[in-house]
Amino acid sequence: MKIAVTGKGGVGKTTIAATLARLYADEGKTVYEADADPDANLGLALGFSEEELAEIIPVSKMRKLVEERTGADKSNTFYKINPKVDDIPERYSKFRNGVRLLILGTVETAGSGCVCPENVMLKRIINNLILHREDVVLLDMEAGLEHLGRGTTEGMDQFIVVIEPGARSVQTYRNVKRLAEELGVKKVRVVANKIRMKVMKHL
């Protein structure tokens with residue numbers, strides 16, 4: 001099972017992503033959880049201490065590793081678009097409570113079409129997790145739709161969109177559903193947070 005948890009900021013994505021990971025781990029499955037949120041706090045939800053997490057460098061910030069694997073020069077003019085990444089999930093993940101946490105980070109870019117070496121690395125790592133492993137993989141995605149625009153979540157089995165009461169949150173779900181279908185992801189599920197039953201009748 002390959003699941004991406006998404007939604008707008010502050011709706012509870014990380015809590016849902018961590019809970020699912022722990023539940024799958026309790027069933028005896030091998031679970032990888034990738035934190036692709038720039039405000040990375042998934043580790044805390046999985047039981048890591050702040051001190052442990054402070055020592056972890058997100059893959060997107062490992063410039064030496066990115067240059068080594070992609071062959072990128074200082075100006076990012078030339079680089080490989082299919083770098084070797086199959087050893088990275090084991091090598092750079094941290095294990096706690098049955099879950100392997102891999103902090104990917106994100107690439108700061110002005111547009112959604114970034115093809116910089118860092119983004120190539122992240123996309124290849126995610127693709128490796130999704131397409132070349134039998135393990136359970138969960139992605140705690142950054143808020144918004146940037147990751148969908150870059151296509152880094154192509155190949156997921158399903159999206160879980162966490163929403164809360166409000167037109168913006170519901171609109172985010174609709175946009176995710178549309179873009180997910182364009183990527184060939186047919187299952188888009190919703191977790192409604194902070195919802196009262198009388199509100200549910202109007203959704």
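Predicted model only: the values in this text are computed from it and were never measured.
Put simply, the side chain of Arg96 gets close to the backbone of Gly47: a donor and an acceptor are under 3.5 Å apart. Asn193 contributes no side-chain N or O that, together with a main-chain N or O of Gly12, makes up a donor-acceptor pair within less than 3.5 Å. Side chain of Ser169 to main chain of Glu164: a donor-acceptor pair is present (N/O by atom type, distance under 3.5 Å, no hydrogens or angles). Of the possible polar contacts, one joining the Ser60 side chain to the Leu104 backbone as a donor-acceptor pair under 3.5 Å is found. In terms of modelled atom types and a separation under 3.5 Å, the side chain of Thr172 and the main chain of Arg168 share a donor-acceptor contact.
The side-chain heavy atoms of Ile88 and Leu65, taken from C-beta on, include a pair separated by under 4.5 Å. Between Arg69 and Met121, the closest side-chain pair of non-hydrogen atoms falls below 4.5 Å. Looking only at side-chain heavy atoms (C-beta outward), Ile125 and Tyr92 stay at 4.5 Å or farther from each other. Side-chain contact between Asp135 and Lys29 is absent, with no heavy atoms from C-beta onward closer than 4.5 Å. Asp86 has its side chain out of reach of His132: every pair of non-hydrogen atoms, C-beta onward, lies at least 4.5 Å apart. Looking only at side-chain heavy atoms (C-beta outward), Met156 and Ile130 come within less than 4.5 Å of each other. You'll find the side chain of Pro117 stays beyond 4.5 Å of the side chain of Glu67, heavy atoms only. For the pair Lys2/Tyr32, no side-chain contact is recorded, criterion being any heavy-atom separation below 4.5 Å from C-beta on.
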- request: Evaluate side chain to side chain contact (heavy atoms under 4.5 Å, CB included) for Gln158 paired with Met1, printing each intermediate quantity in order.
  value: CA-CA 8 Å; Gln158 62 179 292; Met1 182 63 70; 3.5 Å; yes
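Tracing side-chain contacts under 4.5 Å through hydrophobic residues (I, L, V, M, F, W, Y), one never reaches Phe95 starting from Val99; they form parts of separate clusters. Taking hydrophobic clusters as Ile, Leu, Val, Met, Phe, Trp and Tyr residues chained together by side-chain heavy-atom distances below 4.5 Å, Leu23 does not share a cluster with Leu139. The same ILVMFWY cluster, assembled from side-chain heavy atoms under 4.5 Å apart, contains both Val11 and Leu44.
Of all the heavy atoms in Lys80 and Val120, the pair that sits closest is O-CG1, 3.7 Å. Smallest separation of non-hydrogen atoms from Val31 and Gly98: CB-O, 4.2 Å. The shortest heavy-atom contact between Ala4 and Met141 is CB-CG, 4.2 Å. Scanning all heavy atoms of the two residues, the minimum distance from Pro89 to Leu102 falls at CA-CD2, 4.1 Å. Val136 approaches Leu138 most closely through the heavy-atom pair CG1-CD1, 3.8 Å. What you find for Asp140 and Ala17 is that their closest heavy atoms are CB-CB, 4.1 Å.
For the atom pair CD1 of Ile103 and CZ of Phe48, the computed distance is 8.0 Å after rounding to the nearest 0.5 Å. Considering CG of Leu129 and CZ of Arg100, their distance stands at 11.5 Å, rounded to 0.5 Å. Interatomic distance, Ile56 CD1 to Ser93 OG, rounded to the nearest 0.5 Å: 9.5 Å. Considering NZ of Lys94 and CG of Leu53, their distance stands at 10.5 Å, rounded to 0.5 Å. Rounding to the nearest 0.5 angstrom, the gap separating the OG1 atom in Thr15 from the CG atom in Leu42 is 9.5 Å. Rounded to the nearest 0.5 angstrom, Ile160 CD1 and Ile3 CD1 are separated by 4.5 Å.
Between Lys61 and Glu118 no salt bridge is recorded (no basic side-chain N to carboxylate O distance below 4.0 Å). Between Lys177 and Glu181 a salt bridge is recorded (basic side-chain N to carboxylate O distance below 4.0 Å).
Atom CD of Glu134 has 12 or fewer heavy atoms from other residues, nucleotides or ligands within 6.0 Å. Taking a 6.0 Å sphere around CD1 of Ile57, one finds it holds 12 or fewer heavy atoms contributed by other residues, nucleotides or ligands. For Lys84, the NZ atom is densely surrounded, since the number of other residues' heavy atoms within 6.0 Å is greater than 12. At most 12 heavy atoms of other shown residues, nucleotides or ligands fall within 6.0 angstrom of atom CD in Glu50.
With sequence neighbours left out, the side-chain hydrogen bond (donor to acceptor under 3.5 Å, both in side chains) criterion links Arg124 to no other residue.
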